[in-house]
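The structure appears below as structure tokens.
In what follows, every heavy atom counts, from backbone to side chain, and hydrogens, waters and symmetry copies are set aside. For clarity, every value in this text was computed on a predicted model and none was experimentally measured. Order of appearance sets the numbers: ligands from 1, and atoms from 1 within every ligand.
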Amino acid sequence: MKKTTRLLLLMAAMATICWAACTYKKEATAYPATGIACDTSNIRYSVEVTGVLSTNCYPCHASAVAAGSGGGNKLDSYTNLKAYASSGLLLNVIMHTPGYDQMPKNASKLSDCDIAKIRTWIRNGMLNN
Ligand code: HEC
């Protein structure tokens, strides 16, 4: 491997680890320093998907929060989320596809890895696993 490639990989890994450590403790354990920048090999609704959503979306989109904070869109149940995922709306809002609301609202776009996790879950058939 070329020196520059190795340096780039190292920088990517460090950025991922730093991001995970700074934003959400649980994510840090999901990112062991293996050099794998984004592991989408085992994406489960109950762990990876709700992990991303609970940090970034549930503050406005959970059943317990006031209806107004998330425009009445509840994402904290499998059935609800699956409906948003099947229609394509979920992926479009997190990918900031032009013409769609950009989520999370008034915050930075999710990391590429978090988006990849959601996309993988959808592609794998939106299992309730
Ligand atoms: C700070 C509060 C807030 C956060 C955090 C947030 N949203 Fe929203 N979301 C809203 C509001 C308010 C609306 C209603 C539309 C609007 O005002 O833009 C909305 C609308 C939506 C919609 C419906 C869009 C439509 O066209 O009907 C989806 C889907 C959605 N959000 C998904 C998400 C996802 C996924 C996340 C996390 C990655 C997220 N939101 C994070 C506040 C939030």
Review point. Given the rule in the side chain to side chain contact (heavy atoms under 4.5 Å, CB included) test, do Ser86 and Met126 qualify, once you have shown the distances and angles that lead to the verdict?
Key: CA-CA 8 Å; Ser86 335; Met126 298 167 283; 3.9 Å; yes
Review point. Step by step, would you call Tyr45 with Leu81 a side chain to side chain contact (heavy atoms under 4.5 Å, CB included)?
Key: CA-CA 10 Å; Tyr45 168 73; Leu81 188 69; 3.7 Å; yes
Practice item. Decide side chain to side chain contact (heavy atoms under 4.5 Å, CB included) for Thr50 and Tyr58; before the verdict, give the C-alpha distance in whole Å, the side-chain angles of both, and the deciding distance to 0.1 Å. Key: CA-CA 9 Å; Thr50 53; Tyr58 291 176; 3.5 Å; yes
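For atom 13 (C) of ligand 1, the candidate residues are Pro59, Gly70, Ser87; the nearest heavy-atom contact is made by Gly70. Comparing Asp114, Leu110, Leu53, Leu89 against atom 27 (O) of ligand 1, the shortest heavy-atom distance belongs to Leu89.
Of the heavy atoms in Ser69, only backbone atoms (N, CA, C, O) come closer than 4.0 Å to ligand 1. Under 4.0 Å from ligand 1, not a single heavy atom of Val52 appears. The proximity of Asn106 to ligand 1, defined as any non-hydrogen pair under 4.0 Å, does not occur for either the backbone or the side chain.
Proximity to Cys60 (heavy-atom distance under 4.0 Å) selects the following atoms of ligand 1: 1 (C), 2 (C), 3 (C), 4 (C), 5 (C), 42 (C), 43 (C). Taking every heavy atom of Leu90 and a limit of under 4.0 angstrom, the matching atoms of ligand 1 come to 35 (C). In the vicinity of Leu75, heavy-atom distances shorter than 4.0 Å reach the ligand 1 atoms 32 (C), 33 (C), 34 (C), 35 (C). Atoms of ligand 1 found under 4.0 Å from any heavy atom of Ile94 (numbered from 1 in listed order, with element): 35 (C), 38 (C).
Annotation: atom 37 (C) of ligand 1 to nearest protein heavy atom, Cys57 SG, 1.8 Å. Looking at atom 19 (C) of ligand 1, its nearest protein heavy atom turns out to be Met103 CE, 3.2 Å. Nearest to atom 21 (C) of ligand 1 among the protein's heavy atoms is His61 CE1, 3.5 Å. In terms of protein heavy-atom proximity, atom 14 (C) of ligand 1 is closest to Gly71 CA, 3.8 Å. The single protein non-hydrogen atom nearest to atom 5 (C) of ligand 1 is Asn56 O, 3.2 Å, given as residue, atom name and distance. The protein heavy-atom contact nearest to atom 15 (C) of ligand 1 is Asp101 OD2, 3.4 Å. Among all protein heavy atoms, the one lying closest to atom 28 (C) of ligand 1 is Val93 CG2, 4.1 Å. In terms of protein heavy-atom proximity, atom 16 (C) of ligand 1 is nearest to Lys105 NZ, 3.4 Å.
Distances from ligand 1 to the non-hydrogen atoms of Ala107 include no value under 4.0 Å.
Considering every non-hydrogen atom in both Arg44 and Glu48, the closest pair reads NH2-OE2, 2.5 Å. The two residues Val65 and Lys74 make their nearest non-hydrogen contact at O-NZ, 3.1 Å. Minimum heavy-atom separation, Ala66 to Ser69: O-OG, 2.7 Å. What you find for Cys57 and Leu75 is that their closest heavy atoms are CB-CD1, 4.3 Å. When all heavy atoms of Asn56 and Val52 are compared, the pair lying nearest together is ND2-O, 2.7 Å.
Linking ILVMFWY residues whenever their side-chain heavy atoms come closer than 4.5 Å, directly or via other members, places Ile122 and Tyr100 in the same cluster.
Within 6.0 Å of atom CG in Asn129, more than 12 heavy atoms from other residues, nucleotides or ligands are found, so the atom counts as buried in its surroundings.
Ile115 places a side-chain heavy atom less than 4.5 Å from the side chain of Met95.
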